[in-house]
Each structure stands twice: as C-alpha cells, then as structure tokens.
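Presented below is the structure to which this report refers.
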Protein chains: 2
Amino acid sequence: MVTVPHSPASARPTITRKDVARLAGVSTAVVSYVVNGGPKRVSPVTAAKVREAISALGYRPNAAARALKLGSSEMLGMVVPDTTNPFFATLARAVEEAAAARGYALLLANSGGSAANERRQVRNLASRRVDGVFLSSVLFEPDLTELEHSEIPAVLLNHSSEVPGFNSVGVELLEGSRRAVEHLVGHGHRNIALVMGMNSGNDLDAREVGWQQGLAEAGLPEGPILRCDFDRQGGYRAGQRLLASADRPTAVFVSSDLQAVGLLRAVSEAGLRVPEDLAVFSFDGSAEAEYSWPPLSTVVQPVQAMAEAAVEALIDFDGVSPTRNRIFPVDLVLRASCGCVPVPAAAAAAPGLPAGPAS
Amino acid sequence: MVTVPHSPASARPTITRKDVARLAGVSTAVVSYVVNGGPKRVSPVTAAKVREAISALGYRPNAAARALKLGSSEMLGMVVPDTTNPFFATLARAVEEAAAARGYALLLANSGGSAANERRQVRNLASRRVDGVFLSSVLFEPDLTELEHSEIPAVLLNHSSEVPGFNSVGVELLEGSRRAVEHLVGHGHRNIALVMGMNSGNDLDAREVGWQQGLAEAGLPEGPILRCDFDRQGGYRAGQRLLASADRPTAVFVSSDLQAVGLLRAVSEAGLRVPEDLAVFSFDGSAEAEYSWPPLSTVVQPVQAMAEAAVEALIDFDGVSPTRNRIFPVDLVLRASCGCVPVPAAAAAAPGLPAGPAS
DNA sequence: CCCCAGAGGTCCACATGAATGTCCCCGCAT
DNA sequence: ATGCGGGGACATTCATGTGGACCTCTGGGG
C-alpha cells in the first residue's frame, strides 16, 4: 500500500459548516455568507480563506438541514403512469433537465395508471416535501381535491383541458388529430378507423373528437373505433381486430405511437402492407416511430417546450394569479406509413438517395 | 359552488409534531413514539388519541427534519446514461420499485453518457445526501476513486466485471453473447458480423469476447465488426455499412435491442429480408424487441432480479464485508429474426395459429 | 493640527426550523 | 419500599440569517 498524498477529504465523519469555520478561522455564519453570497458582505481575503477550507475539506452543505431551514427541498416530484413508455420517458427526461437547469432535482414516481397508486405516490412525494408536483397520470377528481387542500402546488402535464385551480400544460390534441385525419382523407381514404387508448378519465379524449371532426369536415361517415390499452400489445390486438373486420378500413388513426407499433406488427403478421393495404397515422412523435417499419407518420408533441413550460408554471407560480392551461401546437411529421414518403425499400431498390430518418 | 364538509386539513401553515401533541394533549416525544413505534411504549389509549390527532390534522412528519436527525434521507440516487433508452428505463423502473418496497425513493439522473456529466450528477446526488447511488453509466476511474472517498455507498448496476471496492451487479455478458452466436452457427451461418456499441470505458466489452469465443468454438473466422453508438441511429448506420460491404455476412450479433431495431430498418430499406438475407440476434430482451419486424431473437437480461439484487446490495451493505460482483444468468428468447420461429407473416398467409408475442 | 464622534464594513453569537431519542421523573402496583 | 410502565424536558442534527459587537477610517470641530 502506497501512501497516497491526494485528496485531503478522506473524511470519515461528515464535514459540517463548523469544520470549515474552524479551519478558516471564522464563524459559521461567515461560511454561510460565502457559500450562498450571503445576506452580508465578506471581505475578499476572508472569503478566499473560507473557499479554500471548503475545497480542502470537500464540504458540501447538508441538504436536509438546508431544506429544513429554508422550507424548500429544492426537489420536484413527477407522477407518470409508466416511465417505460417512451413518451413519458421522454417527457420525464425533458422535465428533469428543465428542473435541473433551475436547481431542482426530480423525484420520479410510476403510478402504473391506477388512481390508487397515483394517490399513494402523491402522498409519498408530499411527505418528502417536494416543492411541487407534475401530474402526468390518470387524473381523478378525488386526487385533485386532495391536492388542492395540500399546500403543495401541482401542474397537470400532458393534460389538454382546463381544470380550475390547476395550471396545466397540454397540446392541441383535437387539432392535431383532426389534421392527421384530414391528411389521410387527402390521400383519398374514405374509411378511416380509430384506434383509441382507454382513458381512465371520464371525459372523451380530444383525439377522438378530432378524428370525428376530421371525418365530418370531409363529409365522411365515422369508421370503426377500436379501444385498447395505451401500449404495444393493446395496439397489436386492436390491429388484429381491425384487420379481421368485414369492411376493412383503408386507413387508421392511432392515439399513440406505441399502439401504432403494435398495430404495425399485426398488419405485418397478416401479410398486409402499410400504407398500401392500410395507411397509418399516429400521435406523439416519439423516437420509436422513426424506426418502425415502415416509419410512422405521426403528430409530434413539442415535449421539450412543454416540459419547460411546466417547470416554469410550477416554480414561478405565486399561488394567487389565475391558473391557466397552456396548449402547445403540434406538428405533423410525414413518413411512409401514411403514403406520403415512398416506402424507403422502393427507393433503395432503385438506387438513389436513401430516405434517411427525418431530422 | 357547494360547501364541501370534507378534510379538516385545510391547514394553511405547516402542521408539525407540536400541533399534534397539543391536540392530543401529550408531549411531542410521545407523538414520535407513536409515529415510528418509538423506542418507548405508549399506552393504547394515548396512542389512539395521538393517531386521531394525526389524521385529524393530516400530519406528515417533515422529511427534512427527519433526514437531518437520522442522518438518512431515505432516498437513493441512480445515474444512467439515458432514461429514454428502453433498457435503462426498464432498469430504472425496476430499481424504483425495489427501492420503494423498502421505503426508499429514487432520484434519477441522466448523464448523457458523458463522464463529466456523470461526475456532476454524482456530486449533485451526494450533496442531496442520498443514502446510496446506483451507477449504470460510464464508469471512469476518476469517478470511482472520488466516490470511494465520499462516504456514500455505491453499487455498479449493469456492470459485469469485478471492480475492487464496489459491489456490482451484472449479467453473463460473455456467456449470453457466446450462446447467441452459437445459436446463429446452429442455423448454418458461417459469416457472422458484430455490431457493437461503443463503450466509453477502456476495457473490451464482454459481448465482443463472447462473440469471438462463439466463433472460435465453431472454428469460424471472425466476421466484420461494426462499431457505433448505443442507439437506434447507431444501429441503423452500422446496418447500412454492413449491407454495403463486399462480402456481406449472413448473420449479425448486435450488442443491444435498440441498435438492432435501427439495423432492421436499414435492412428493410435495402429491400432485404430478415432472417433470409440476414439473421439477427441481439441483446437485452427489451419490450421493443418483441414488436419490431420481424420480432427480434434476443438475449434477455433478468432486469427485475438485477434491480432487486442491486437495491439489496446497496441498502444492506455494512461497509466492511468484501464487495462482490453478482452476475445473473441470461436467457435466449427465440423469435423470428434468427430464423427459428417462422416469420409470422408466413404463418398468417396459411391460416393457422397466429404466433403471438412470446410471453 | 489633533482628537473624537460617527459611519461603515466585517464578523460573531444565537435563535430558529422539525424531529429524534436519551435521561429523568412521577405515580401506581406489588 | 421499590420496581417499572408511561410520559416529559431537553440536547442534538446542520444550516440560515438577524441583531448586535467590534474595529477602522474619515470628517469636522476645537
């Protein structure tokens, strides 16, 4: 064993402000002043001594004590149905980054989509004294009223309708869906189905309404509606049912990329082709949609902007100004699944520019 | 607006132990005893009064004060390269659940795969006084030595080689890869390529060694090695390069499902078929592999068990007993991409039992 | 020209925040 | 009389920031 002269911070016991003060020959208050540009000024000489002591000891203020005194944990909580779902994973990551940029850490919790779990998670977060909560999960009335009575602010993220008493952030669910359907109509489709995830909420999903509107505007009758879970398997099964139906639609609008991926599998298994036999347009704009086969045309949600808006709404909320519902516009990304871009295989067959992933 | 007579906890100020004590007519110490089966016994009558006061006020002990006194935040930290990567998302979720089962919350941090970020995140977690850290990210020596000098225990999760001074949890990277290659050999392939993610670490990835061994055991020469990022795009590009090569291999072993998905796209774009033109076997066993087209044969990691082992290793670590590297066995899931299961489309063409997703 | 008062500028002691658990005390029962 | 079950007061955990204390430098008056 060589005696290594490195890092003096081979500290066994926890280093506190007091240790720093002692080493620097000042009082503990001065250390605080230096650490956080304190309310009082410190002479440059003293400040230097303190900073030196801090790095020599490897001192880091105890977050617990800080939180206790300040009444703020500098942590935010987020409840999502499932971090494994790429859309929520992306959303959570964006939120994490936006929060980190403002000095907050993010405590992530999965609710599994159950209201009971969600409530438990919110309670847990509350008892951990987070400074605020993002709710991207099922939203039941009881949860909301409960939250309303707790002192901790919440913003509904990924929620596109007004909820009195809560700031919320969402996207143009209806308009995006309507445009997607409109686009499919533009391709000449006249029988357009809907694969819709089941919302535990009681109100109609705006995507469904958008689909209806898109059809109505084109003077088309409503195609079949297939309801299923918001996951790959749900989409897969819905796809199987869809393809088995007597009057098979020529196009389908799917409420999420994840479901569309499952549906794609069902189509492939049936020996059919997208978009020739069935055109597909989905919702979310996740990375997975870009690498499915064929690549999915999808309604892109501006996840990053939404996350930033949510963090802002949560942190800057003063508690008195009227709450609002920020709705972000969506974009349509056109790939091969709706019939816009030629399925790349064709392009590759005749050598030419490979149709790379949309940027 | 109806006046709802619910929850008496319309408390504006924070409710502390003191309020409970006052309402219950006892001292604050007794409240503590009741809350955490305290070190002292409390008579059933008193306990009932306290519990009543607690629920009447909606009291929840302040986590910060608790953490301060106890010296434990009852939080664990986890650093992963990217929560958006399904494998890490799944791992993180499993860890979150295992931790929650033991009363710990999980603070998740993305490093983006950079060592600098990882170090920053670890520092951040350390200053938040987490009780331990899971490291599933890049692992540089400096980070490790730095951690060694901090008082906070860490376990290397998703790390399959011994690192002195650290508990670690991994899988049979080498053996799993070797078996996958062996399997491809069994299908008659004699030119098997490797698509390998780039590890920021300096040592050879065991998957690469497993691939080599598998080939060596079969007396086959090494096929081409394509190195790329650990994501869909990396796999996509590697696939393009692979297919463009003069002596095109008939099979490929890919270091992750994510990359394989990208590769699959490249194959489809080239108008080729899997497994007929190129058999694919990948690594991880993520959900995405099941819904790609064709479904991917993959080496499944027992994520849940790994997460539980990691949590156990972190929480139960006494700091003195020798550290160890727990290696979990892997399973091969055989689907269509390697040529085992008929590509479902064929089965569907001739009506029969649809080949559902492997369970 | 010298001295003293007042004005800053620095820094310190200490109360505070919420919860834990030790030590001590009281009263009842044996 | 004495032990013990129940319950209370208080020191402790660490960081924050207010209310001074102290020292220095300056400006004005004697």
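Below, chains carry the letters A, B, ... as their sequence lines are ordered, and counting in each starts from 1.
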Distances under 3.5 Å only, N/O to N/O: pair up the protein atoms with those of nucleotides 9-14 of chain D.
unit_1	atom_1	unit_2	atom_2	d
D/dT12	O2	B/Lys69	NZ	3.1

Strictly distance-based, threshold 3.5 Å: is any side-chain N or O of [X] a donor or acceptor partner for the main-chain N or O of [Y]?
{"X": "A/Asn167", "Y": "A/Val155", "answer": "no"}
{"X": "B/Asp131", "Y": "B/Leu76", "answer": "no"}
{"X": "B/Gln121", "Y": "B/Asn110", "answer": "yes"}
{"X": "A/Ser73", "Y": "A/Arg129", "answer": "yes"}

* side chain to side chain contact (heavy atoms under 4.5 Å, CB included) partner of A/Leu157, the single match among A/Leu91, A/Val79, A/Val311, A/Val80 -> A/Leu91
* Structure fact -> CZ of B/Phe88 to OG1 of A/Thr83, rounded to nearest 0.5 Å, is 14.5 Å
* From CG (A/Leu106) to CZ (A/Arg93), nearest 0.5 Å -> 12.0 Å
* Asked: To the side chain of A/Val42, which of C/dG21, D/dG17, C/dC11 is closest?
  -> C/dC11
* Asked: Hey, does A/Val35 reach any base, or is it just sugar-phosphate, or nothing, if we go heavy atoms under 4.0 Å?
  -> nothing
* Base, sugar-phosphate, or nothing: which does A/Val31 touch, judged by heavy atoms less than 4.0 Å apart? -> nothing
* Structure fact -> With five pairs defining each end axis, the helix from C/dC1-D/dG30 to C/dT30-D/dA1 comes out bent, to 10°, by 60°
* Counting only distance, no hydrogens or angles, is the base of D/dG20 paired donor-acceptor with the side chain of A/Lys40 under 3.5 Å? -> yes
* Worked verdict on B/Arg120 versus B/Asn124 for side-chain hydrogen bond (donor to acceptor under 3.5 Å, both in side chains) -> CA-CA 6 Å; B/Arg120 189 183 325 141; B/Asn124 187 1; over 6 Å; no
* Atom pair distance, as rounded to whole Å: CG in A/Leu70 and C1' in C/dA18 -> 14 Å
* Looking only at side-chain N and O atoms, does B/Ser32 come under 4.0 Å of OP1 or OP2 in C/dT20? -> yes
* Would you tell me if any nitrogen or oxygen in the side chain of B/Arg41 comes within less than 4.0 Å of OP1 or OP2 on D/dG6? => yes
